[in-house]
Amino acid sequence: MDKKDNILIIGGGLCGSLLALRLGQRGYNVQVYEKRSDLRKVDISAGRSINLAFSDRGNKGMKLVGLEEKVKSLCIPMNGRMIHDANGKTFLSPYSGRDYEYINSISRGGLNALLLDEAEALDNVSISFNNKCKEVDFVKTTATFQNYHSREEFTIQADIIIGTDGAGSILRKSYYLAKKFLFSFSQNYLTHGYKELSILPDKHGTYKTYKNALHIWPRGDFMLIALPNLDGSFTVTLFLSYEEGRYNLNNLNNPKIVNEFFKKEFPDALELMPNLIQDFFDNPTSPLGTVKCAPWHYKGNTLLMGDAAHAIVPFYGQGMNASFEDVVEFDKILDDHEGDWEKVFKAYEKTRKLDTDAIADLAIDNFHEMKDHIANPIFQEKRKLEIALEKNFPAEYSSKYSLVTFNEHIGYHEALSKGRAQDKAILNMLADRAIPPTTDLKKEELRKILLKVKAETKEIIDEDRIAKTMKN
Ligand SMILES: Cc1cc2nc3c(=O)[nH]c(=O)nc-3n(C[C@H](O)[C@H](O)[C@H](O)COP(=O)(O)OP(=O)(O)OC[C@H]3O[C@@H](n4cnc5c(N)ncnc54)[C@H](O)[C@@H]3O)c2cc1C
């Protein structure tokens, strides 16, 4: 194959910039067209997921392009969830019983800028900003853009086009509207939306609360979370229903009621947020949804990747990580089938879709876990037991969270099947009092519990397999 194939990437966000860098490193001629201004020159973050949880699957992408060390300097390790209960008490629930397993808070802008810098440093990669894609003709492999400043429209022809243009993808819309092939598409919104707020640094420029954790204020039907930034601040996100409940996003429409809500539900957070009212009314309220679609490609001409193919709700902290893993998986498939784009796209979708569907479902599970279950005593007992199992038998046990977040060598689908079965096994055993309280258990007793959990998990997985075979 002529390695000089021209590849057009629509969207220079997290996935598009990593993809451009990797394809550039492989020798392709890559052009990226991005709708927004260059974020390295203009601050465009205002109120939209300023920082993100970055973990091992995302890091595979950084290793692939040789950026692991540079990215480390952007990361703040978060070892666990700092739970703030309704009485203002806090406790740290570690993410894993293995000390070396933690997630990181990373700035979206900082990471995106690094990827853009590295991609642009290659002679065969060009990135052009302020050009919004209006439409893609996937049969002719052309895309039409409009320049933000001149308002002029222009069309670009490429050998292949990859749409990494996020949850509202124009390439995906073009598949849907053209009706030239059987394109399935679903979009499901949560009844909850989100609003970003902040905890600013104290007068010495340091963190007002514990730095190395993801803070959560779970309140059953809604929650507040906070992730640290390098400058001593935290980005805080309120997840709340638009319509339901005494307080909701629709009726929090004046400073008095916002203050009343925070005073009642999050008094300890409010103390750290004298800027609450300004943030609340300056920042947008945004919806949260899951997008699934298929196929992701049209012949060997065009392909969807990242959120454009599989947007998910943010509760597992995996959307960006999954999009980076997309690039890693795509790169592996290229090793096998380089030279035949249709084969590459088909093989990629075949291996990847099962996993991205799984993380979409896991992310919804975690929505309920974070806002509600983590405050529940039986759930806390389960977490205690899992941490003890991970600490005492590091090679033998991984919780669902660990399987998803730290076991990057297995796919999300495998993590989901095993993780859900383990959860069910442990919760059933705790409810039936078949497991004693974890506190003060000796290693031999824990070993017995581990064996029980494993046997029960296997039984549940086998039953699920039989049920599936019967359905088919
Ligand atoms: C509140 C929130 C919190 C999140 N937290 C986490 C987290 O903790 N961890 C995690 O892993 N993920 C998280 N995510 C998910 C993560 O943000 C996405 O999965 C990730 O950004 C996907 O990358 P992407 O490049 O596919 O899409 P995007 O980052 O959305 O990038 C798409 C790019 O395409 C550009 N574009 C869009 N339309 C056009 C067009 N018509 N023409 C040209 N360019 C276009 C956009 O301007 C943008 O630059 C979170 C998401 C939200 C909403």
Side-chain angles (χ1 to χ4, degrees), residues 14-15 17-19 21-22 49 51-81 93-108 110-112 114-115 212-214 227-228 305-307 310 312-332 351-352 354-356 358-363 365-366 369-370 383 386-387 389-391 393-420 422:
L14 293 169
C15 185
S17 53
L18 176 65
L19 181 68
L21 172 56
R22 184 58 192 155
S49 61
N51 57 19
L52 304 151
F54 171 74
S55 49
D56 297 12
R57 290 179 197 271
N59 200 36
K60 280 195 294 188
M62 301 305 110
K63 284 184 190 158
L64 177 71
V65 295
L67 285 182
E68 198 186 4
E69 284 310 310
K70 280 193 185 166
V71 166
K72 261 189 200 150
S73 64
L74 301 175
C75 288
I76 301 175
M78 297 186 289
N79 298 306
R81 294 165 168 167
S93 168
Y95 279 121
S96 164
R98 291 170 282 264
D99 296 343
Y100 53 88
E101 288 181 342
Y102 53 86
I103 62 172
N104 301 280
S105 176
I106 198 165
S107 142
R108 177 189 293 272
L111 181 56
N112 204 162
L114 172 67
L115 292 169
N212 293 107
L214 191 155
L227 276 76
M305 209 183 264
D307 272 17
H310 48 73
I312 62 177
V313 294
F315 304 104
Y316 233 109
Q318 285 293 323
M320 160 188 65
N321 289 290
S323 299
F324 286 168
E325 197 179 51
D326 281 359
V327 178
V328 176
E329 293 303 310
F330 187 68
D331 191 69
K332 276 190 211 154
T351 58
R352 193 71 188 133
L354 192 66
D355 285 328
T356 57
I359 190 58
D361 297 345
L362 282 161
D365 285 359
N366 232 34
E369 179 168 324
M370 286 174 79
R383 277 310 286 164
E386 292 194 293
I387 296 296
L389 292 178
E390 287 182 340
K391 246 190 199 131
F393 311 104
E396 288 175 75
Y397 188 81
S398 284
S399 69
K400 182 173 79 179
Y401 189 86
S402 288
L403 290 167
V404 172
T405 310
F406 307 121
N407 283 247
E408 72 278 15
H409 54 280
I410 65 166
Y412 286 123
H413 184 257
E414 190 180 335
L416 174 144
S417 312
K418 190 167 176 194
R420 277 188 180 166
Q422 271 175 189

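Residue numbers start at 1 and run along the sequence shown. Just so it is clear, the values below take in all heavy atoms, side chains as well, and ignore hydrogens, waters and symmetry mates.
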Original post:
Measuring from Asn112:CG to Leu18:CG, what's the distance to the nearest 0.5 Å?
Top reply: 10.5 Å

Original post:
In this structure, are over 12 heavy atoms from other groups packed under 6.0 Å from Lys70 atom NZ?
Top reply: no

Original post:
Out of curiosity, Leu214 CG to Asn79 CG, how far, rounded to the nearest 0.5 Å?
Top reply: 11.5 Å

Original post:
Checking side-chain contact (heavy atoms from CB on, under 4.5 Å) for the pair Cys15/Val327: CA distance, chi angles, key distance, verdict?
Top reply: CA-CA 7 Å; Cys15 185; Val327 178; 4.2 Å; yes

Original post:
Which heavy-atom pair separates Ser93 from Arg383 by the least distance, and what is that distance?
Top reply: OG-NE, 4.4 Å

**OP:** Could you check if a side-chain atom of Leu389 sits within less than 4.5 angstrom of a side-chain atom of Glu396, using non-hydrogen atoms only?
**Re:** no

**OP:** Working to the nearest 0.5 Å, report the span between CZ of Arg420 and NZ of Lys400.
**Re:** 6.5 Å

Original post:
After noting the C-alpha distance and the side-chain angles of Leu52 and Leu14, does the key distance pass the side-chain contact (heavy atoms from CB on, under 4.5 Å) rule?
Top reply: CA-CA 11 Å; Leu52 304 151; Leu14 293 169; 3.7 Å; yes

Subject >> Taking every non-hydrogen atom, the tightest pair across Ala213 and Pro228 >> reply: O-CD, 3.7 Å

**OP:** Specify the closest pair of heavy atoms between Ser96 and Glu390, including all atoms of both residues, with the distance to one decimal.
**Re:** CA-OE1, 3.2 Å

Subject >> For the student: nearest non-hydrogen atoms of Ala53 and Met78, plus distance >> reply: CB-CE, 4.3 Å

Original post:
At what distance, to the nearest 0.5 angstrom, does CZ of Arg22 lie from CZ of Phe324?
Top reply: 14.5 Å

Original post:
By ring pair (Phe, Tyr, Trp, His ring centres under 6.0 Å), which residues pair with Phe315, not counting sequence neighbours?
Top reply: Phe239, Phe367

**OP:** For residues Phe54 and Met320, determine if any side-chain heavy atom of one lies less than 4.5 Å from a side-chain heavy atom of the other.
**Re:** yes

Under 3.5 Å, side-chain donor or acceptor atoms of residues 404-416 against the rest of the protein: list the pairs with distances, not counting sequence neighbours.
residue, atom, partner, partner atom, Å
Thr405, OG1, Tyr401, O, 2.9
Asn407, ND2, Ser402, O, 3.0
Tyr412, OH, Gln318, OE1, 2.6

Subject >> Leu227 backbone acceptor or donor facing Asn51 side chain under 3.5 Å >> reply: yes

Subject >> Check: Lys418 and Ser398 side chains under 4.5 Å, non-hydrogen atoms >> reply: no

**OP:** Take Ser323 and Asp307 through the side-chain contact (heavy atoms from CB on, under 4.5 Å) test and state the conclusion after the steps.
**Re:** CA-CA 7 Å; Ser323 299; Asp307 272 17; 4.0 Å; yes

Subject >> Atom pair CG/CE of Leu111 and Met62 - distance to nearest 0.5 Å >> reply: 5.5 Å

Original post:
Do the non-hydrogen side-chain atoms of Asp326 and Thr356 ever get within less than 4.5 Å of each other?
Top reply: yes

Subject >> Any Phe330 side-chain heavy atom under 4.5 Å of Arg352 side chain >> reply: no

Original post:
Do Tyr95 and Arg81 touch side chain to side chain, with heavy atoms closer than 4.5 Å?
Top reply: yes

Original post:
So do the side chains of Gln422 and Leu403 get within less than 4.5 Å of each other, counting heavy atoms only?
Top reply: yes

Original post:
Would you call Leu67 and Leu115 a side-chain contact if the rule is heavy atoms closer than 4.5 Å?
Top reply: yes

Original post:
Among side-chain atoms of Glu386 and Ser399, is any donor-acceptor pair under 3.5 angstrom?
Top reply: no

Original post:
Taking Asn321 for the side chain and Ser55 for the main chain, is one N or O donor matched with an acceptor at less than 3.5 Å?
Top reply: yes

Subject >> Heavy-atom donor-acceptor pair, Arg57 side chain to Glu325 backbone, under 3.5 Å >> reply: no

